[in-house]
Amino acid sequence: MSRALLDDLRARGLIFQVAGEDELPAWLDGGPRTLYCGFDPTADSLHIGSLVPLLMLRRFQLAGHKPIALVGGATGLIGDPSFKAQERQLNTPDVVAGWVDKLRNQVAQFIDFDDSETCAEVVNNLDWIAGMDVLTFLRDVGKHFSINSMIQKESVKQRIEREGSGISYTEFTYMILQSFDFAELNKRYNCTLQLGGSDQWGNITGGIDLTRRLNGNQVFGLTMPLITKADGTKFGKTESGTVWLDPKRTSPYAFYQFWLGCADADVYRFLKYFTFLDVSEIEEIERADAENQGRPEAQAVLAREVTRLVHGEAGLAAAQRITEALFLGSIESLDENDLGQLRQDGLPASSISREEFPETLTQLLTDAGMASSGKQVKDALGRSAVTINGRAIGWENNADVATCFSPELALHGRFYLVKLGKKKYHLFEVSPASG
RNA sequence: GGAGGGGUUCCCGAGUGGCCAAAGGGAUCAGACUGUAAAUCUGACGCGAAAGCUUCGGUGGUUCGAAUCCACCCCCCUCCA
């Protein structure tokens, strides 16, 4: 069973490095094992960069192991320096504590809590680090670490060697805290495997060494590759910023769109990373796409699968509903309920009364968040890239908001769907002047 | 504490008295082409519809005029103690 798991992970390209590679397969075969992966609270939500490790925990659980998701209430107060070019700004304890609560819930949705032998756990390292005093830390933990080897770690090398950067003692200590987490989870839960991104290798091996020294136990580490894109740009960012897992930050619709816009060169790889579809199934999709000229199927499958994993069936349905309405169907065909529904589903929207209309369209659309400056709106208007309920608007109409939103053009008396460029939509619900 | 090097518009990075809203690159936005791709080409890219207004770590000063010169302060880095 577990060898099959490792084979599958390898086929998916999800294994970057393994600590204890020779013994790990047999160890996993020997029964349900406990493993963990840590997530630091650096914001009130995780983003899709954390998706691979989260799904990895689930993969292990499905294969009969017990996953622990660790939320770094303590480490989040320190800041991981690994491969970071600069020292990070510290967040206040109450802010971090708030984020911990959010992440707890988020992390929990990917693993099962079923009271069985493989029941998942969510833990917070603040529970065992907060109470430790400095002397205990320095004498019982710090003594096991050699500065000589710590400064050799690739993850902090650039901070130490590169001119113009530096590292504080605080961040330098991060590795020791994470190492201690592993030893502590080993003691508490008999946890014997830590997962992490490839940037975590140094921290993970640190934990393996410490666990051996402190508990006398052999434990394992496994890292996943950095997700790259064929065009060299950073994965997980879009024009509007980071793609978050929290639907309040990134709507299911926007999330769905992100995956739908995935490059051909990346999409089959991403199917292996981010879905539970069989590798053979994915290869079949690739083959079929290659045969059919024209638009590939893979993006649609990827968007569907990942959106369902993160936002559930309802979130997926909402995302697809908007997508179909905007890109496939015609807007006029939507009835009043549909338009209200789109707004519920996460299509950007706002309400405004006629008397609140600003002087210019540039002002209105900038305020609505469709563009970051009036210049962008001006540019778009000048290229007839703006439509209101399907009618093209030009720069000459800029100062004539009332005409652009004339009552005769309204859908169902109050809705105006404004399109800027090819992909940006905003629904205005206009109420008559109330006096 | 001492010596030296830095802080420029989202990022990198030019600019050392007027020609600077500030080169160049990246990112981003829009157009053409397309598959709601990629690549490429074109345009925009401090704010403002415009007149105009506000930027070059901070505060004062010199000057007709300062991102550029002076003073003090803050922050970062390197080396020494």
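Lettering of chains follows the sequences in order, A, B, ..., and the numbering in each one begins at 1. These figures come from a predicted structure and were not determined experimentally.
Note on A:Ala399: nothing from the nucleic acid sits closer than 4.0 angstrom, heavy atoms only. Looking at heavy-atom distances under 4.0 Å, A:Leu361 makes no contact with the nucleic acid at all. At the heavy-atom level, A:Asn398 lies under 4.0 Å from the strands shown only through sugar-phosphate atoms. At a threshold of 4.0 angstrom between heavy atoms, the contacts of A:Glu359 with the nucleic acid are absent.
The side-chain tip of A:Arg104 does not point at the ring of A:Phe39 from less than 6.0 angstrom away and within 45° of straight on. No cation-pi contact links A:Arg12 to A:Tyr273, judged by a cut-off of 6.0 Å to the six-membered ring centre and 45° from its axis.
Here A:Arg213 does not pair with A:Asp209 in a salt bridge; the nearest charged N to carboxylate O distance is not below 4.0 Å. By the 4.0 Å N-to-carboxylate-O rule, A:Asp44 lies too far from A:Lys248 to be salt-bridged with it. A salt bridge is defined here as a Lys NZ or Arg NE, NH1 or NH2 lying under 4.0 Å from an Asp or Glu carboxylate O, and A:Arg414 with A:Glu336 meets this definition.
Of the listed nucleotides (B:A37, B:U42, B:A49), B:A37 has the atom at the smallest distance from the side chain of A:Lys423. Taking the side chain of A:Thr362 as heavy atoms from C-beta on, and the options B:A49, B:A30, B:U36, the nearest nucleotide is B:A49. Listed nucleotides: B:A30, B:G35, B:U36. Nearest to the side chain of A:Ala380: B:A30. Which of B:A49, B:G35, B:U36 sits closest to the side chain of A:Gln299 comes down to B:G35. For A:Arg295, taking side-chain heavy atoms from C-beta onward, the closest of the listed nucleotides B:G35, B:G43, B:A49 is B:G35.
Spacing between atom NZ of A:Lys422 and atom P of B:U28 amounts to 16 Å, rounded to whole angstrom units. Distance, A:Glu297 CD to B:A37 C1': 14 Å, rounded to whole Å. One atom, CG of A:Leu381, and another, P of B:G31, lie 12 Å apart when rounded to the nearest Å. Atoms NZ (A:Lys229) and C1' (B:A39) sit 14 Å apart, rounded to a whole Å.
B:G26 and B:A21 have their P atoms separated by 25 Å, given to the nearest Å.
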task: Check step by step if ring pair (Phe, Tyr, Trp, His ring centres under 6.0 Å) holds for A:Phe137 and A:Phe180.
output: CA-CA 10 Å; A:Phe137 174 74; A:Phe180 185 69; 7.8 Å; no

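Within residues 366-379 of chain A, the residues approaching RNA chain B are A:Ser373, A:Gly374, A:Lys375, A:Gln376, A:Lys378, A:Asp379, by heavy-atom distance under 4.0 Å.
Side chains of A:Asp266 and A:Arg269 form a contact here, defined as non-hydrogen atoms less than 4.5 Å apart.
Applying the 3.5 Å distance criterion, the base of B:U36 shares no donor-acceptor pair with the side chain of A:Lys424.
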What nitrogen or oxygen pairs link the protein and nucleotides 55-57 of chain B at under 3.5 Å?
none

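Classified by interplanar angle (parallel below 30°, tilted 30° to 60°, perpendicular above 60°), the ring pair A:His47/A:Trp244 is perpendicular.
Atom CD1 of A:Ile129 is separated from atom CG of A:Asn124 by 9.0 Å, given to the nearest 0.5 angstrom.
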